[in-house]
Amino acid sequence: MRFVVFVKQVPDTMSVTVDEDGSLVRAGVPSILDPYSELALLRTLRIRGDDDEVVAVTMGPMQAADALRRCIELGADDSFLISDRDFAGADTWATSRTLAAYAGRYACDACLYVFGGRAIDGETGQVPFEFAALMDVQQFAYVTELSREGDGFVAVQDYGTFTRTARVPKGSVVAFGNVDPNGSIPNADGYLRARGHEPHILNRIDVGLGLYSVGLKGSLTRIASTRTVQSARRNMMVEITDPSKAADIIIREAGSR
Amino acid sequence: MFDRRQIRQGSKYLTDESKMTGRADYVVLPNDEAELREAMRINHSKGNRMTVSAMRTGVCGGCVPTDGYVLSLERMTGVIGIGRDERGYFVRVLPCTTVREMNSLLERRDFDDLADITPGAIESLRSELVPWLYPIDPTELDGSIGGNIACNSSGPRTFKYGPTRDWVRRLYMVLPDGQGLDITRGDICADGWRMTFPAGRELYSFDVPRYTYNDNVKSAMGPRFGKDMDLVDLFVGSEGIFGIIAEADVYLAPWHPTVSLIAFLPSDADALGMIRDIRADDGIGPEFLEYMDGGSLDLIRRVRTDDPAAIRIPDLPDCAGAAVFLDVAADGTEDSRIEAVCRMAEAHGGDASMIWCGRGREDQGRMRDMRHAIPRSIFEYVASLKGTMPGIHKMGTDMAVPDDRADEMMSFYRKKLEEAGLEYVVFGHLGNNHPHVEIILKSMDDFEKAKAVYAEFARKAVELGGSPSAEHGIGKIKREYMRMMYGDEGIEELRCVKSVIDPKGILCPGNILEERR
């Protein structure tokens, strides 16, 4: 069986700083594999059988190959990078359409399409479900656990106020809704395997989409304007040894705002 | 005029990471070298005893006052400038600058506010292809560079780079009477076994102690004396008893990327066997070589669940009974070395899937967090006992022995601890035959037993040609091991030097040398 895991490369938001004007400093910020994507991949690897294949796929600029190498280090078998200048400016709909075109042409036999529910740089949380709609397959959101049952799969979905355990038919979309705070570190096997790995690179023509179906031209949303929100902060440091007095100060300060 | 404040009970100035506690009336907080000299001049004339303190990260009570005043250098922090000599680049820093701060600035190449100590040094360093960093990793990156020099601290990378002493170029010292002394390595050396040097209007002269400093093993047992010794070496490792470091120049080394490996193995014996193999193999060339026993891994598993600082540590393999941690340089040949490490792990019951292999700041930072979670959780545990057992302090060994005696020493540790019925974990710098055996104390009875066992360890280390203090220094906790190592005669020689430079005995009383009352 083949599992296709769609991943995303994102700026490491832990490394983003704020300058004196309150603007984000993005220069020099390293890119990482999105933690939601990483969890989706690791959970998929857990249920992989001996004859199964796990393929990592991303859409992005050429440097997104680093995120795919990270997937290989973590245990994925193969990877695809969907990259074309024409994809620039894609919103969630154009992204989903591009990924669905890839799946239709190169991975229509996948037993599961696995996603991180959202990404730390966008938080839109729409791509997995738009992809499912385009592929006309079932979708399972907020998944926290995935296991095999006979020839199929079982997913545990956490909706916040209740959890649901559902049988997942083959060919469905599964979107993991959380990240692993402890993360994972590749093992030596994966590290050595990834050293020689080059992802398969596909462009717009390879996935069979027209110019007006992708990128900014294929997007339904347009950004009208953006603005930076300035929030006034007041910091105070108090050295105090008595916890009850410290609590009083916090209550008083919180009440005065 | 320097700032002086009264010290209250429970003040941070009365303890360090050993969790030993002391007493003092005031803390003096100089802002710069002029205030430091003034503070020393005034307090010297009054005969006030001064214990020097900075980040208080020591583990031997060196900055814990017995009485008198604390002289905290916490405001004397920052990088002053960059220079270059025939050995390479060096950085000039104030004493309370931490290794983390210094290396962060060097990595960012944030040199705008720095001075050129030698003409064109900053521009030249800025144009280097890779950043140049201070290579000594004292494990505790938030310790002050002054404290590191005063204790000749080292850490895991001693395996490759040697101790702090080798990286000190120049010191600006403030002597007990407030005189300044600016010395660069090579400026003033002893004439055979007689050292003479001027400072202000004084001329200091003394016989160089002849005790044998053990160069065969990693050691932080006081200053390294010797024939024709350099005056800089009088102050490195002397833990503040001769003078206060007001400025230091330390050399830098070019940064290079590394790959970190943690090999998980079934048992302690497997891990020790793998470490022997790595050391015997010339091809791997690790930057450091660390060991974590089964107890240490269990400790990490426990703290991961409730220590927020340990949250980034990934799940440890359930079957792991011990681990070996090393870094190899990523110089294009690392793959063959990683493959060799995998083969060695396989020979000892492990395999490549049980070796974490991290590159980049994030992964390597998490692997480092894992290693550091061991001592940190022990510090916190001992601190939690202080409420019910005020006299208790941390009991962890810091002893190194020669290569051919490492196994004997390790067996001795285990035998004695098991005979005493004490719980313990072993981790640390096995590359230098320098494990930290941390005794998990549960009662004052354990503490008394641990002290007795610790003394036996120290005697055994000396007997095997090793050092009872490899990197933490002596402070107030390990003074008896100085005598064990150097004998009464060596201690008296050291005391003679102290009486020449600090005849009133006001500086860091109780450090290294026991006080005569």
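Proteins come first, then strands; the chains are lettered A, B, ... in the order of their sequence lines, and each starts at number 1. Predicted model, so just to flag it, every value in this text is computed and none were measured.
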Around atom CZ of B:Arg108, are there more than 12 heavy atoms from other residues, nucleotides or ligands closer than 6.0 Å?
yes

Separation of A:Ile185 CD1 from B:Ser260 OG (nearest 0.5 Å):
8.5 Å

Considering all heavy atoms, the nearest A:Leu192-B:Asp335 contact
CD2-O, 4.0 Å

Which heavy atom in A:Gly183 sits nearest to a heavy atom in B:Pro314, and how many Å separate them?
O-CB, 3.5 Å

Rounded to the nearest 0.5 Å, what's the gap from CG on A:Asp189 to SG on B:Cys357? Could you check?
10.0 Å

Under 4.5 Å, heavy atom to heavy atom: which of residues 359-371 of chain B reach chain A? Give them by number, or say none.
B:Arg359, B:Asp363, B:Arg366, B:Met367

Tell me whether the count of non-hydrogen atoms from other residues, nucleotides or ligands lying under 6.0 Å of CG in A:Asp51 goes above 12.
no

With a 6.0 Å cut-off (strictly less than), is the heavy-atom count around CG of A:Asp242, excluding the residue itself, greater than 12?
yes

Crowding at CZ, B:Arg126 (>12 non-hydrogen neighbours, <6.0 Å):
yes

Should A:Tyr191 and B:Leu261 count as side-chain neighbours, where that means a heavy-atom distance under 4.5 Å?
no

Between A:Asn187 and B:Trp356, is there a donor-acceptor pair closer than 3.5 Å when you use the side chain of the first and the backbone of the second?
no

So what's closer than 4.5 Å to chain A heavy atoms on B:Val341: side chain, backbone, both or neither?
neither

Take a 6.0 Å sphere around CZ of B:Arg109 and say whether it holds more than 12 heavy atoms from other residues, nucleotides or ligands.
yes

Do other residues, nucleotides or ligands put more than 12 heavy atoms under 6.0 Å from B:Phe111 CZ?
yes

At a heavy-atom separation under 4.5 Å, does B:Arg304 approach chain A through its side chain, its backbone, both, or neither?
side chain

Honestly, the part of B:Ile313 sitting under 4.5 Å from a heavy atom of chain A is backbone

